[in-house]
S.K.: 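Here it is, the structure in full.
Not measured: the values here are computed from a predicted model.
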Amino acid sequence: KDACAGSNERQLLWKRILTGVAVAVPLLFIFGLMFYQADEVFAQWVRNLHIEFVDLWRIFRTAAVTLLLGSFLYSVLTEDYTLREKAPKVAKKEDTVIASVVLGLINVLFAVFVFIQFRYLFGATDYAFANNLTYAQYARKGFFELMTVMGLTGLVLLTTYRSFVAHARVWLVTIFQLLMIAQVGVIGVSALMRLNAYQEAFGFTVLRLYSEWFMYFMLFLFAFLAGVILYRLHFRLFFHTAMALGLIVLTGVVYQNVDYIIAKKNVDRFVNENKKIDVYYLDRLSIDTVPALRPLFEDKHFDRLEETQKAALRMIVDKTKLEIEGRDSW
């Protein structure tokens with residue numbers, strides 16, 4: 001009996017491990033594809049392993065469709081799966097083996113990418129020149145893919161946290177969750193460094209500034225989630241607090257005069273750092289930019305502009321005068 005029971009336990013353990021691997025594979029594929037598109041060094045590592053994501057996508061797509069159609073046909077071919085009565089909900093503890101396998105495999109993939117980031121991103125200038133890239137090209141590549149990775153990671157962490165918080169602490173799952181948050185923090189810093197480098201090279205825009213602020217908020221939420229997981233706070237408390245913080249941050253962002261901030265930063269780059277300025281982009285913004293443009297009309301700075309830029313600057317002033325004159329008196 002003992003031998004039979006031990007055999008059944010081993011079979012159940014292997015079944016859970018294989019289930020965890022099956023759940024982790026599509027997540028690893030998605031995360032791996034995002035990393036492949038986000039970072040040229042990681043992509044080169046993958047190519048050195050002779051892995052082609054195009055072929056992997058075909059295999060993944062075929063397997064997913066086969067599983068979906070097979071499950072559908074299997075369920076309709078017999079009456080055993082017909083819903084005859086409403087079954088009561090039964091609270092069931094989530095399987096720790098499956099969760100540990102999924103989180104563990106994702107952490108391994110993240111660790112490889114984080115290792116590459118420490119080696120190359122924080123010395124990215126040398127890497128860029130060695131691979132015939134401009135620093136701005138390397139900085140621009142991958143920012144939104146890394147933001148997508150952070151969003152998907154948040155969903156995975158929230159799902160596992162909500163499943164386990166009502167039960168006794170499982171330290172292995174907790175450690176994997178905290179390790180995942182730490183590695184996502186490095187990925188977030190990597191994305192911020194790319195964005196800041198790109199802004200230093202080409203100036204500030206509305207999209208770039210909002211993306212930077214959103215990334216700071218995401219990093220703060222992950223840090224908050226780490227504390228919540230460590231102290232096992234109720235999921236509803238975390239969710240409602242995160243929603244309230246999001247509303248506060250959104251209100252703060254709406255309160256800012258974003259067009260003026262962008263114009264001032266771009267003018268400061270031109271005046272103080274002798275960098276180029278995109279007057280045509282400033283012309284597309286609102287008249288809130290006009291107070292920030294005053295330094296450009298000083299002779300020593302105005303003379304540095306091209307004739308077309310000078311004309312665009314005069315058009316901004318004329319457009320501002322017309323808009324102010326056309327406003328209602330009150």
Side-chain angles (χ1 to χ4, degrees), residues 38-41 117-147 186-220 249 252-320:
D39 189 89
E40 185 60 31
V41 183
Q117 296 304 286
F118 272 114
R119 283 195 61 188
Y120 293 99
L121 183 66
F122 300 112
T125 305
D126 297 334
Y127 167 77
F129 287 129
N131 291 271
N132 297 320
L133 296 172
T134 66
Y135 190 63
Q137 286 174 326
Y138 184 77
R140 181 183 183 184
K141 185 177 176 60
F143 174 78
F144 291 102
E145 286 82 357
L146 296 183
M147 286 187 66
V186 176
I187 291 172
V189 172
S190 168
L192 274 174
M193 291 185 67
R194 293 168 186 263
L195 182 60
N196 289 334
Y198 193 69
Q199 289 181 138
E200 285 296 320
F202 291 104
F204 294 80
T205 65
V206 174
L207 177 60
R208 294 166 198 169
L209 193 62
Y210 278 149
S211 298
E212 181 182 1
W213 289 350
F214 180 72
M215 182 61 70
Y216 285 127
F217 179 63
M218 289 276 287
L219 290 173
F220 174 79
V249 170
V253 170
V254 171
Y255 179 75
Q256 302 299 315
N257 190 337
V258 176
D259 287 359
Y260 173 79
I261 293 174
I262 292 171
K264 190 174 187 310
K265 286 180 176 291
N266 286 326
V267 170
D268 288 343
R269 292 174 71 252
F270 179 78
V271 171
N272 300 323
E273 302 177 25
N274 201 29
K275 294 183 177 180
K276 294 182 179 180
I277 186 169
D278 189 350
V279 179
Y280 313 107
Y281 177 77
L282 297 180
D283 185 30
R284 300 206 302 267
L285 302 178
S286 68
I287 63 173
D288 291 337
T289 61
V290 172
L293 302 181
R294 288 175 182 170
L296 297 180
F297 289 95
E298 297 178 12
D299 292 339
K300 59 181 179 180
H301 302 308
F302 193 77
D303 292 340
R304 290 171 51 200
L305 296 172
E306 300 174 1
E307 291 301 321
T308 54
Q309 291 178 317
K310 294 177 182 178
L313 204 57
R314 295 189 187 99
M315 288 179 62
I316 295 176
V317 175
D318 294 339
K319 181 177 67 175
T320 302

S.K.: What's the spacing between Leu207 CG and Glu212 CD if we round to 0.5 Å?
M.R.: 11.5 Å
S.K.: Considering residues, nucleotides and ligands other than Phe220, do more than 12 of their heavy atoms fall under 6.0 Å from its CZ?
M.R.: no
S.K.: Hey, is the main chain of Asp288 close enough, under 3.5 Å, to the side chain of Asp259 for a donor-acceptor pair?
M.R.: no
S.K.: Would you mind reporting whether Val290 and Val317 have side-chain heavy atoms less than 4.5 Å apart?
M.R.: no
S.K.: With rounding to the nearest 0.5 Å, note down the distance linking CG in Leu296 to CD in Gln309.
M.R.: 9.5 Å
S.K.: Under 6.0 Å from the NZ atom of Lys276, do we count more than 12 heavy atoms belonging to anything else shown?
M.R.: no
S.K.: Begin from the C-alpha positions of Ile277 and Leu305 and carry the test side-chain contact (heavy atoms from CB on, under 4.5 Å) through to its verdict.
M.R.: CA-CA 9 Å; Ile277 186 169; Leu305 296 172; 4.0 Å; yes
S.K.: Using the rule given for side-chain contact (heavy atoms from CB on, under 4.5 Å), can you reason through Gln199 versus Asn196, listing the C-alpha separation, both sets of side-chain angles and the distance that settles it, and then say yes or no?
M.R.: CA-CA 5 Å; Gln199 289 181 138; Asn196 289 334; 3.5 Å; yes
S.K.: Which heavy atom in Val279 sits nearest to a heavy atom in Ala312, and how many Å separate them?
M.R.: CG1-CB, 3.8 Å
S.K.: Search all heavy atoms of Phe204 against all heavy atoms of Tyr281 and return the closest pair with its distance.
M.R.: O-CE2, 4.0 Å
S.K.: Check the surroundings of atom NZ in Lys310: do more than 12 heavy atoms from other residues, nucleotides or ligands lie under 6.0 Å from it?
M.R.: yes
S.K.: CZ/Phe202 to CG/Asn266 distance, rounded to the nearest 0.5 angstrom?
M.R.: 13.0 Å
S.K.: Minimum heavy-atom separation for Met215 and Ala191, please, with both atom names.
M.R.: CE-CB, 3.8 Å
S.K.: I'd like to know if the side chain of Arg269 reaches the main chain of Glu200, judged simply by a donor and an acceptor atom lying under 3.5 Å from each other, with no hydrogens or angles considered.
M.R.: yes
S.K.: Once rounded to the nearest 0.5 Å, what's the spacing between atom CG of Asp268 and atom CD of Glu273?
M.R.: 8.0 Å
S.K.: Quick check for you: to the nearest 0.5 Å, what is the distance between Leu192 atom CG and Leu219 atom CG?
M.R.: 6.0 Å
S.K.: Rounded to the nearest 0.5 Å, what separation is found between the CZ atom of Arg304 and the CZ atom of Phe270?
M.R.: 3.5 Å
S.K.: Could you check if a side-chain atom of Leu285 sits within less than 4.5 angstrom of a side-chain atom of Val206, using non-hydrogen atoms only?
M.R.: yes
S.K.: State, to 0.1 Å, how close Pro295 and Val271 come at their nearest heavy-atom pair, and which atoms those are.
M.R.: CB-CG2, 4.0 Å
S.K.: Can you find a heavy atom in the side chain of Ile261 that is under 4.5 Å from one in the side chain of Lys264?
M.R.: no
S.K.: Relative to the ring of Phe302, is the ring of Phe297 parallel (under 30°), tilted (30 to 60°) or perpendicular (over 60°)?
M.R.: parallel
S.K.: Between Phe217 and Phe214, how do the two ring planes meet: parallel, tilted or perpendicular, split at 30° and 60°?
M.R.: tilted
S.K.: Below 4.5 Å, heavy atoms only, C-beta onward: do Ile262 and Thr289 meet side chain to side chain?
M.R.: no
S.K.: Checking side-chain contact (heavy atoms from CB on, under 4.5 Å) against Leu209, which of Leu195, Val253, Val258 comes through?
M.R.: Val258
